2 protein chains.
Amino acid sequence: LIEIALTLGDPAGIGAETIAKSVVRYYPSDVHYTVFGNLAHFELLYSKFAWGKRFLNSIARNDLDFTDTGDCGTISIGCNSTAGGRVAYDSLHTALDFCSTHNCRALVTAPISKKALHLASHFYAGHTEILAEYFKCETTMMLFCSNFRVSLVTTHIPLADVSQNITAGNVFATVGRTNDYLGRYFGIAAPKIAVLALNPHAGESGAIGCEESTIAQAVHQARELGIDAVGPLVPDIAFTPKNRALYDGYVAMFHDQGLIPLKTLHFDKGVNVTLGLPIVRTSPDHGTAFDIAGKGVANPSSTIAALKAAIKFSRV
Amino acid sequence: LIEIALTLGDPAGIGAETIAKSVVRYYPSDVHYTVFGNLAHFELLYSKFAWGKRFLNSIARNDLDFTDTGDCGTISIGCNSTAGGRVAYDSLHTALDFCSTHNCRALVTAPISKKALHLASHFYAGHTEILAEYFKCETTMMLFCSNFRVSLVTTHIPLADVSQNITAGNVFATVGRTNDYLGRYFGIAAPKIAVLALNPHAGESGAIGCEESTIAQAVHQARELGIDAVGPLVPDIAFTPKNRALYDGYVAMFHDQGLIPLKTLHFDKGVNVTLGLPIVRTSPDHGTAFDIAGKGVANPSSTIAALKAAIKFSRV
């Protein structure tokens, strides 16, 4: 059996709902799920829904395992809280220990809240930083949907700080991890990777910013190692249909440079994957969505896509 | 008759070709065109093409007027040159004088090269700066295709300089000009305008950058004046189909934030329009394309769209 670990994320958000909806809809016979979160909170909120009942029944029948984080008191839905941050962190940490000890090669995580984590004295920006610290490795955030895949050199930092983080080393490492992942998990031999410029019109030969020479250096370094990277490409025409057909993956310099085209084309279906870890880790491309939490209206498409990807990559 | 002025742009680029292809394809009976550029260069390069012949015949029959910039010597196709920069600048300047003196309310421009302009000692970043100086007014660059319209607060500056140019004054002025233009030329009463944030996740309440409070201030100021502006919006989910249906126009903080979604969705059909001028000015959404110049293979779709828009806006 392929073992998949899933966390419910911040209990005040839509994570429990999207994970439960996903596992009751998609459960291949050669797969086994273990879910990590707060069961009492789930029962309280979601046992009235059909998918909630099915999820609880699966646990009762031992079709899936549930590892509970224990009593965490009352958690207000849709609000940041210390208890919510603690549950989110504890269930993630327990799931990571489980992966290490139970031959579980893939983890699917539901969204957590940075603010709640901080309230619970876990000072991380998000999953990626927790995972990087846990496994002591450098990681890259990639998002994908069907054949559109984009890795980010920088992630959740102010736009004003992006430029100083564009080093040849960072760009090269991101290109390298992207190349490895596309080969290993997507099964693309010699993937063609488009590396974006940072500035409008790719800087017009230094007339609009100078970071393109740094990016060019990283591309050169990658090509020397036999990686089929090209760039720096003019960002605003890199994502036309013709160009999308040309490249197996993109390397974007900052969060919205990569996520705007992805979500413009594929909202609600994108999958976030962390490259560089010893396990497969995927998640949906949305946040906790506190505004619609607890209502049973959350769309599980992106979580289902994340689950399918985790299973597919585990078979590699 | 509606008078439209057209410039051929840098003679080493695809401008002459796309303008000629456009005017021979689209020439409504209540419109008159006057084209500004280098005729000898056009004849030399394009008289062998059917559309080139038709264009030259139209001039010979006085169906359209051609105002020649005079002898400029030999111009190498696909290369930046002093002569090319001079032709581009002179034909634009002559066209602007023509607009002022001939009751011509609209100008369609083909791409020019910043580098060639500089070689010819015209130290401008592009059309917008020349137009702003000529008419002594502040302008905004907007791009649109069908119902997707996006104005830019900053344009051709390094990404590292964007943050310091996001002032409440700049954002407010851009929102105001966008609102005016959508009302006047697009005929949208009380347009709904989406103002984007600068940082990932709209800064997460100050956790990732602080410019969102400045943007919020400008949005508040606009709303006080009765403009239906909303924001700052999370940039990467602002362009989903649902959101695109919601807003008549977007205000983006920097070049690629607005142009990546536009060109991802509508490449080769976008129109660039300059807001704030006493005349209508449109242009295609691409550059000189030196790599394919002179071959007769350039796609005139974006120029035709720019021409149609100029004529439509002239009828207002």
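Keep in mind that this is a model prediction, so the values were computed, not measured.
- Nearest heavy-atom pair across A/A229 and A/R223 is O-NH1, 2.7 Å.
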If you apply the rule side chain to side chain contact (heavy atoms under 4.5 Å, CB included), what do you find for A/L159 with A/F254, and how did you get there? CA-CA 8 Å; A/L159 189 87; A/F254 57 97; 3.7 Å; yes
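- Residues A/L275 and A/T178 have side chains in contact (heavy-atom distance under 4.5 Å, counting atoms from C-beta outward).
- Taking B/L259, B/T155, B/D285, B/V234 one by one and counting their heavy-atom pairs under 4.5 Å with chain A, the maximum is reached by B/L259.
- Put simply, the side chain of A/R149 reaches to within 4.5 Å of the side chain of A/D248, judged on heavy atoms.
- Put simply, of B/P241, B/A238, B/P235, the one with the most heavy-atom pairs under 4.5 Å next to chain A is B/P235.
- In this structure, the side chains of B/T282 and B/N272 stay at 4.5 Å or more apart for every pair of heavy atoms.
- Among residues 199-210 of chain A, the residues having any heavy atom closer than 4.5 Å to a heavy atom of chain B are, in sequence order, A/N199, A/P200, A/H201, A/E204, A/A207, A/I208, A/G209.
- Between A/F148 and A/L265 there is a side-chain heavy-atom pair separated by less than 4.5 Å.
- Among B/I237, B/D161, B/T264, B/V162, the residue making the largest number of heavy-atom pairs under 4.5 Å with chain A is B/T264.
- Annotation: residues 112-122 of chain A contacts chain B through A/K114 [non-hydrogen atoms, separation under 4.5 Å].
- Between chain B and the residues A/H255, A/Q164, A/R244, the most heavy-atom pairs under 4.5 angstrom are made by A/H255.
- Heavy-atom pairs under 4.5 Å with chain A peak, among B/I166, B/L262, B/N243, B/L198, at B/L198.
- Residues A/V195 and A/P232 fail the side-chain proximity criterion, which asks for heavy atoms closer than 4.5 Å.
- With ring centers used as reference points, A/F239 lies 6.0 Å or more from B/F267.
- Under 4.0 Å is where a charged nitrogen must lie from a carboxylate oxygen, and between A/D236 and B/K263 at least one such pair does.
- With a threshold of 4.5 angstrom between heavy atoms, B/E211 approaches chain A through side-chain atoms but not through N, CA, C or O.
- Contact annotation: the side chain of B/E133 approaches that of B/Y124 to within less than 4.5 Å [non-hydrogen atoms, C-beta and beyond].
- Looking at A/R177 and A/S151, their side chains never bring a donor and an acceptor atom within 3.5 Å of each other.
- Smallest separation of non-hydrogen atoms from A/P11 and A/G84: CD-O, 3.5 Å.
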